[in-house]
Amino acid sequence: MPPTSSLRALQVIAPRRISGRRYASHGPPQFNEPSGWLFGERPPPPGQKRVKEEWENIWYVGMFGSMAMAAVLLYYKPDTSIQTWALREAKERMEARGEKYKYEPSS
């Protein structure tokens, strides 16, 4: 067992090392601390409008324009399902044999 004087020296040095320099942390945080305001902007005083930055209109046009274009393209997307192909193929084969592909009750 080590002498008690060296244990006391370790107990005294250990807390100082922990609270001293922080070699691995690289200093204070490198991000913007939360301010409580949306996007960190304070609302303008009453009667004044918020001034947009120059990139905001381009972002709105690009984002919502691409959503509208995707909606149109999805609406007019061709039907490539296997069921549609099989139904069309069955109708063509039945017509080629001279059969009716629609059910008509015989009464």
* Kindly determine whether Tyr60 and Lys52 satisfy side-chain contact (heavy atoms from CB on, under 4.5 Å), including the steps that lead there. => CA-CA 12 Å; Tyr60 289 133; Lys52 286 187 179 181; 4.1 Å; yes

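Note that the CG atom of Leu87 and the CG atom of Asp79 stand 10.5 Å from one another [nearest 0.5 Å]. Here the straight-line distance linking atom CD1 of Ile58 with atom CE of Met63 works out to 14.0 Å at 0.5 Å rounding.
With contacts defined as side-chain heavy-atom distances shorter than 4.5 Å, the pair Leu73/Lys77 does not qualify.
Comment: Lys91 does not engage Glu95 in a salt bridge, judged by the lack of any side-chain N to carboxylate O separation of less than 4.0 angstrom. Classification of Arg50 and Glu41 as a salt-bridged pair holds, one side-chain N sitting under 4.0 Å from a carboxylate O.
Heavy-atom minimum distance, Glu53 versus Glu56: N-OE2, 2.9 Å.
The hydrophobic clustering, which links ILVMFWY residues whose side-chain heavy atoms are closer than 4.5 Å, places Met67 and Trp59 together.
A donor-acceptor pair under 3.5 Å is absent between the side-chain atoms of Thr84 and the main chain of Thr80, judged by distance alone.
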